[in-house]
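Per chain, numbering begins at 1; letters A, B, ... match sequence-line order.
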Amino acid sequence: MTGRPARVPRVFPLVLGVLVLGVVLASALPGVAATAAPSPAPGTGTAAPPRPGQTQFQRGESLYQSSCASCHGQAGQGSQRGPTLIGVGAASVDFWVGTGRMPLAEERVDAQRRAPAFDEQDIDALVTYVTSFGGDGPAIPTVHPGDLTLGREIYLQNCAACHSAGGSGYTQVGGQVAPSLLEATPVQVAEAIRIGPGQMPQWPEEVLDQGQVDAVVTYVQELQRLPNRGGLDLGRIGPVTETVVGFAGVALLLVVIRRLGKRAP
Amino acid sequence: MITRWMVRRLDDRLGFSPVARSGLNKVFPDHWTFMMGEIALYSFTYLVLSGVFLTLFFDASTTRTTYEGGYAPLAGSEVSAAYASSVQLSMDVRFGLVARQSHHWAALLFTGAIVVHLCRIFFTGAFRRPRGVNWVVGVTLLVLAIANGFAGYSLADDLLSGTGLRVANAVLLSIPVVGAWAEFLAFGGEFPAEAMIPRLYVVHILVVPALIVTLITAHMVILVRQKHSHFPGPGRTDTNVVGSRLWPGYAVRSLGLLFAVVALCLLLGGLVQINPIWLWGPFEPGSATAPSQPDWYVGWLDGALRLWPAWEPIVFGHRLPALFVPAIVLPGLTFLGLYLYPLLERLMTGDRAPHQVLQRPRERPGRVAFGVAALTFYGLLLTAFSIDVVSKFTGIPVYLLIYTFRVAVPALPVVTGLVAFVLARALRDSGADGFLALTWADVRGALRRRKPVPEAPSATEEPREAAPEEPDEEREPEQAEPEPVRVPAGPVP
């Protein structure tokens, strides 16, 4: 105790150091993975500015040939690097390019939402060009304000199991992430319902009619702007984050009693 | 003046003053860890108060009604009265949402504080004779708190808690032989039964709270009869209690804690969302939401369910559903173990003497090892309940996490237990103040004398336990604190 010679080296700081190092390393790993995922390589998305007198179709063709053909083929017939685009429909092209998923920078990367590589005009041009390959995929849906209550019901029955009731997204067992819906535009939500990107099922007109799709889209918009009633929403993932906050509360109360009581025995 | 007159009059008739006087004079130990149980007590007080408010607006029935409140996405929907009134309470009643949320937060604090309090009792050996009775009462309180928490958040009849009830129902059904009967008793028929919500309501607001109040009273009465234990120190013996009197010293401190607990509940309730049932939506058998977890005090069971492989062994001609072991056997053994621990330790150490002086955790490295291993085990199970959420945020695939936890849950407690054993022993033998003062030599010393069985410190260790305490005898308590009060210990020895 008091008379004890201070012997070095001390164990605890060392143990602590190792722990901290471990935590830092562990947290760095996902970071490494994240930085390894390439952002769209410069050049794939940024095509030359439109030449004067170019029609929309020609503009689309030149964008397609420079940014998409390497994977989807000269005439959209597909290759080992990408599926065929013949017959995918306008909604599909608009969704995949409009959410920034296309052009994919590298084949092995999962397509994920990011800032779109093209502006609206160029996306329209691409849509016009790719739909000229033929087929009768879904057109770009138009959305109108829908019935909120109906939208909530359909959403909870069809979408919440993957995207979570709060719309903040969730992992599927298959490994593909059903993303957060809090960033999608109304048209993109409707497009997703019609085309069923990736692992998501597709709801054609016969299953969900126009009014129902409008309703879901309206509810998703409501989720996006829902004021955080009751305070901070903790990611809308329920008890996991609530547990963290609850334990922090207990810890705070321990600090309180630590100050109220005495430390000496 | 008038109060004094009234008190006199009352006292003439009721003769309470001797009781009150001895009550006010009761001595409370000053060490801060003695207040952990009080956090639980005050959270419970707040739970009762806010709960009464909630009952004024909640309608515990599964009758279909139309919600006609101000929450637009639900307006005009036909839902159960329980769900409709819960949303109404949250959206349309002034203070309703704060009351509901603070009630829920208080439940998390309540259960959390009980566990922390339990850890203090465990690691300081406060459960030894004569306090075995109160240990049993305390463990029962923990069980009741968990049960009432589950019943409480299931009342709203929302999609998330409905998912939990469905699992609970499947768990009951998984019990061999009596499963269907248990289901009928608890839920009133096949899931989802109409009687479910009203039954849970009676359990939640009447049966279990009444039991909790009774047991808390018993807990307190036993505590007052036996008097508090205290930590070893100058002037502390097995025949006295050292601390501050309830009035005026301790009461001020305790009231301060009451205010702190209530303030925290209200602050959390007002500022941080908990269980947004309007987002989860009403429970419908065909719907689901994910991620779906229970509150943390049931979360360790959810974690076990996620990790347990889908084995369905046949035992005595009955196929045991995969749910049975993680959801029935695990909690059964857990609480059985908790109830019996004082007995087991007595058998192991042969220490049957009554004790008023607590042990520092380091005095029993074997107990420290066991406790730390158990905490690691249940902590890992609780962490496992968040596997899918963790997977979403880190990108690590779910199956990888599951396999990792399947290895870690049995293996890591052994490691942490051994580390705790060595450290506790190094602390004990070196007499160091804390971990920060430990040196390699201390640890090496503790490692060298490692015996094959870490449990059961042998009798030779007794003198060493006492040794470091000796020099303290002379020292006066530091600082100019008011001299602590000493009174003889209770009716025990």
Side-chain angles (χ1 to χ4, degrees), chain A residues 1 4 7-13 15 30 33-34 148-149 151-153 155-157 160-162 164-166 169-171 173 175 177 219 222-223 226 228-234 236-243 245-247 249-250 252-254 256-265, chain B residues 30-32 35 39 72-77 97 101 108-109 112-113 116 159-160 231-233 253 256-257 260-261 264 268 270-274 276 279-281 286-291 293-296 299 386 388-389 391-392 394-395 397-398 431 433 435-436 438-441 443 477-478:
Chain A
M1 299 202 167
R4 238 166 137 264
R7 277 171 290 163
V8 277
R10 310 213 143 171
V11 185
F12 200 71
V15 173
L148 208 51
T149 305
R152 181 188 54 73
E153 279 164 12
Y155 181 85
L156 288 175
Q157 265 164 28
C162 294
S164 93
Y170 176 56
T171 297
V173 182
V177 176
Y219 184 65
E222 173 77 7
L223 283 179
L226 205 63
N228 279 333
R229 273 177 239 243
L232 216 69
D233 73 2
L234 299 182
R236 295 184 186 168
I237 45 178
V240 172
T241 38
E242 290 162 13
T243 299
V245 175
F247 283 7
V250 174
L252 188 72
L253 289 174
L254 290 181
V256 170
I257 59 170
R258 173 72 190 70
R259 318 268 346 161
L260 283 172
K262 293 188 187 147
R263 197 176 134 78
Chain B
D30 288 324
H31 196 264
W32 64 279
M35 295 180 92
I39 300 181
L74 196 67
S77 289
L97 186 54
Q101 295 198 139
L108 299 197
L109 297 180
V116 173
L159 189 50
L160 183 61
F231 277 108
R253 244 186 271 164
L257 180 59
V261 170
L264 183 62
L268 283 174
L271 298 178
V272 190
Q273 201 177 67
I274 186 167
L279 286 181
W280 306 153
S287 299
T289 175
Q293 272 90 8
D295 273 7
W296 80 267
S386 65
D388 47 4
V389 175
S391 161
K392 183 198 155 193
T394 59
V398 170
D433 278 340
F435 295 117
L436 283 173
L438 274 186
T439 64
W440 276 120
V443 175
E478 328 99 46

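Interface summary for chain A: among B:Pro291, B:Gly299, B:Gly281, the most heavy-atom pairs under 4.5 angstrom belong to B:Pro291. The most heavy-atom pairs under 4.5 Å with chain A, out of B:Ala113, B:Gly76, B:Pro276, B:Pro294, come from B:Pro294. Looking only at heavy-atom pairs under 4.5 Å with chain A, the residue among B:Leu268, B:Leu160, B:Ile39 that has the most is B:Ile39. Considering only heavy-atom pairs separated by less than 4.5 Å from chain A, the leading option among B:Val272, B:Leu108, B:Asp295, B:Val261 is B:Val272. When the candidates A:Thr241, A:Ile237, A:Leu252 are compared by the number of heavy-atom contacts under 4.5 Å with chain B, A:Ile237 comes out ahead. Of the listed residues (B:Gly256, B:Gly395, B:Pro397, B:Ala75), the greatest number of heavy-atom pairs within a distance under 4.5 Å of chain A belongs to B:Ala75.
Every side-chain contact (heavy atoms from CB on, under 4.5 Å) that A:Arg259 has, sequence neighbours left out, goes to A:Val255. Considering only residues two or more places apart in sequence or on other chains, A:Val256 meets the side-chain contact (heavy atoms from CB on, under 4.5 Å) condition with A:Leu260, B:Leu257, B:Ala260.
Closest heavy-atom contact between B:Ser77 and A:Arg152: OG-NH2, 2.7 Å.
Heavy atoms of B:Leu109 lying under 4.5 Å from chain A belong to its backbone as well as its side chain. B:Gln101 touches chain A through its side chain: at least one heavy atom from C-beta onward sits under 4.5 Å away, while N, CA, C and O do not. Only the side chain of B:Leu97 comes within contact range of chain A, with heavy atoms under 4.5 Å apart. Residue contact with chain A, scored on non-hydrogen atoms closer than 4.5 Å, involves the side chain of B:Val116 exclusively.
For the pair B:Ile274 and A:Leu234, the minimum side-chain heavy-atom distance is 4.5 Å or more.
For the pairing with B:Leu279, the side-chain contact (heavy atoms from CB on, under 4.5 Å) check across A:Asp233, A:Leu223, A:Leu156 returns one residue only, A:Leu223.
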